[in-house]
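Since the structure comes first, as structure tokens, the remarks are kept for the end.
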Amino acid sequence: MPSTTARRLPKTPSPDAGPDVRRVRQRLLKWYDAHHRRLPWRAEPGVAPKPYRVLVSEAMLQQTQVATVVPYFGRFMDALPTVRDLAGADEQAVLRLWQGLGYYRRARSLHAAAKVIVCDHGGVIPDNVADLLKLPGVGRYSAGAIASIAYGTRAPILDGNVARVLARLTLIEQPIDAPDTRKTLWRLAEELVPASRPGDFNQALMELGALICTKANPTCDACPLSGQCQARVVDRVASVPVPAKRKAPTLVHHHVIVMERAGRFLFEQRPATGLWANMWQLPTAEDLPAKANTSELSAWAADRSGLVLSDTQHVVAFTHQTTHRTIRFNVWHGLVTSGRLRRGAGRWRRLDQLNDLPLANPQRKAVAVLIKEDPQQHG
DNA sequence: AAGTCGGGGAG
DNA sequence: CTCCCAGACTT
């Protein structure tokens, strides 16, 4: 049977024929036009989006909520308004703009991508998925998002929001992260995205997931797709999607040893791989036992830096939570009395002059505690 | 297929 | 507390 004939038949579609593509497109775009949020990286209706703004926003938005990204995006664009500015910037400057946002590899990948764009693409961000996928930090989602939103290329996307919306729309009750589920969802996203306004359609799917088809307490009464939603028909919206399995975070202990000399404090850069890669920190021991004492801390500091400490004492403890770890921070303080700093072992800074060093959140917190404990010395 | 990589919003 | 968020990359 010719497919053109089959396509005209669905007056009464069979139950597993999939969603009514044209109706979903039309209703979703109409809803998006009426209800979408105005966001800093989003162009006004009828105005062409700026590809560089789309590129930067998509990097920041990976695994990060819109509300968190907004202030970072503004500061980033003010400091590095063009892809050439970004390509020419120091990596430390890029990391400083990213500090506090997390997943710092995104910043280094974005920086590397900008260099590729300038060197290999004449400073023009690619408009197709194949070339975008070659950029560091750009995977299938980001390539589809940039191609469709910035250039109107017909390309699908699949993120957490879209996966939830499509799983409910078509009643997928397999674990949402299973490989064959992902394959099915990508196929659905590909089938649904229209040739006209693919960027708005993709953003509409995400916007619906963020505002209406939320993980908890979805407002189906306000949903433009409620009439097409298979999960709603059988009253299983609340139980779809089936969540991915997750490991409990492991507990680890980090000892921060504050080394002070003449009102200045030693800072060191972390390795180029792993947690908080290339970020800076007060000297921090990650291999000492949870109940290490002052002499062990002093010995570790001497071994690490070549400097001898006296009057080492405990300052404060706090807990830092990430997705995969619970990190118990213990902060210690000692005065440098002798020794010579090992070559390349760090830099001395006043606590109120750290603007050039990108620090992850727990290190910023440790610094904040030190300033509060001893305000007259650093103010 | 499973692990790694942050931090915060929201329940 | 737990779960998830405009995911990418490594092993």
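Letters A, B, ... are given to chains in the order of the sequence lines, protein chains preceding strands, and every chain is numbered from 1.
- The same atom, P, is picked in C/dA6 and in B/dG3; the two are 25 Å apart, to the nearest Å.
- Nucleotide C/dC3 holds its P atom 16 Å from the CD atom of A/Gln65, rounded to whole Å.
- For A/Ser142, a side-chain nitrogen or oxygen approaches OP1 or OP2 of C/dA8 to under 4.0 Å.
- For A/Ser298 against A/Thr312, the heavy-atom pair with the smallest separation is OG-OG1, 2.8 Å.
- Toward the 5′ end of DNA chain B lies the nearest nucleotide of A/Pro179, the other residue of the pair A/Tyr104 and A/Pro179 mapping further downstream.
- For the P atom pair drawn from C/dC9 and B/dG8, the interatomic distance equals 24 Å after rounding to whole Å.
- Nucleic acid contact class of A/Trp41 (heavy atoms, under 4.0 Å, all strands): base.
- By the 30° and 60° cut-offs, the orientation of the rings of A/Phe73 relative to A/Trp41 is perpendicular.
- One interatomic measurement links the two molecules: OH of A/Tyr32 to C1' of C/dA6, which rounds to 11 Å at whole-angstrom precision.
- Residue contacts shown for A/Ala360 are limited to sugar-phosphate atoms, with no base heavy atom under 4.0 Å away.
- For the pair A/Thr64 and A/Lys247, both in contact range of DNA chain B, the more 5′-proximal nearest nucleotide belongs to A/Lys247.
- Side chains of A/Asn330 and A/His253: no donor on one and acceptor on the other come within 3.5 Å.
- Spacing between atom CD1 of A/Ile146 and atom C1' of C/dA6 amounts to 11 Å, rounded to whole angstrom units.
- When only modelled atom types and interatomic distance are considered, A/Gln321 and A/Thr326 share a side-chain donor-acceptor pair under 3.5 Å.
- For the pair A/Glu58 and A/Arg106, the salt-bridge criterion is not met [side-chain N within less than 4.0 Å of a carboxylate O].
- In this structure, A/Asp159 and A/Leu135 both approach DNA chain C, and ranking their closest nucleotides by distance from the 5' end singles out A/Asp159.
- B/dC5 and C/dC4 have their C1' atoms separated by 16 Å, with the value rounded to a whole Å.
- Within the nucleic acid shown, A/Ile157 has no heavy atom closer than 4.0 Å to any nucleic acid atom.
- Not one side-chain nitrogen or oxygen of A/Arg42 sits closer than 4.0 Å to the OP1 or OP2 atom of C/dA6.
- Within the 4.0 angstrom heavy-atom criterion, no nucleotide atom of any strand lies near A/Val162.
- When distances are taken from the side chain of A/Gln321 to each of C/dG7, C/dC1, B/dG11, the shortest belongs to C/dC1.
- Among the atoms of the strands shown, none is found under 4.0 Å from any heavy atom of A/Pro249.
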Determine, step by step, whether A/Phe265 and A/Trp348 satisfy the ring-ring contact (aromatic ring centres under 6.0 Å, His included) criterion, reporting the C-alpha distance in whole Å, the side-chain angles of both residues, the deciding distance to 0.1 Å, and the verdict.
CA-CA 5 Å; A/Phe265 298 80; A/Trp348 297 98; 8.4 Å; no

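- To the nearest angstrom, C1' of C/dA8 lies 14 Å from CG of A/Leu158.
- Dashed line: the shortest gap from a side-chain N or O of A/His324 to OP1 or OP2 of B/dG3 is not under 4.0 Å.
- Using a cut-off of 4.0 Å between Lys/Arg side-chain N and Asp/Glu carboxylate O, A/Lys30 and A/Asp33 are scored as not salt-bridged.
- Residue A/Met60 contributes atom CE, which lies 15 Å from atom P of B/dG6 at whole-angstrom precision.
- Judged by distance alone, with hydrogens and angles left aside, A/Thr323 brings a side-chain donor or acceptor within reach of the base of B/dG6, the pair sitting under 3.5 Å.
- Checked against B/dG8, C/dA6, B/dG11, the side chain of A/Ala216 finds its nearest nucleotide in B/dG11.
- Residue A/Asp78 qualifies as enclosed at atom CG: its count of foreign heavy atoms under 6.0 Å is above 12.
- Put simply, A/Gln63 has a side-chain N or O that comes within less than 4.0 Å of OP1 or OP2 on C/dG7.
- The nearest whole Å value for the distance from the NZ atom in A/Lys215 to the P atom in C/dC3 is 9 Å.
- Put simply, A/Asn161 has a side-chain N or O that comes within less than 4.0 Å of OP1 or OP2 on C/dA6.
- Of the candidates C/dC5, B/dG7, C/dG7, C/dC5 carries the atom nearest the A/Arg164 side chain, counting heavy atoms from C-beta on.
- The CE atom of A/Met206 sits 16 Å away from the C1' atom of C/dC4 (whole-angstrom rounding).
- Contact annotation: A/Arg182 does not reach the phosphate of B/dA1 (side-chain N/O to OP1 or OP2, under 4.0 Å).
- When heavy atoms are screened at a 4.0 angstrom cut-off, A/Gly274 is found touching the sugar-phosphate backbone but no base atom.
- In the interface, the side chain of A/Arg105 is paired with the base of C/dA8 through a donor and an acceptor atom under 3.5 Å apart.
- Between A/Lys245 atom NZ and B/dA2 atom P there is a gap of 12 Å when expressed in whole angstrom units.
- DNA chain C is contacted by both A/Leu39 and A/Ser109; A/Leu39 maps to the nucleotide lying nearer its 5′ end (nearest heavy atom per residue).
- Side-chain nitrogen and oxygen atoms of A/Asn361 include at least one within less than 4.0 Å of the OP1 or OP2 phosphate oxygen of B/dG8.
- Between A/Trp276 and B/dG7 there is a side-chain polar atom (N or O) within less than 4.0 angstrom of OP1 or OP2.
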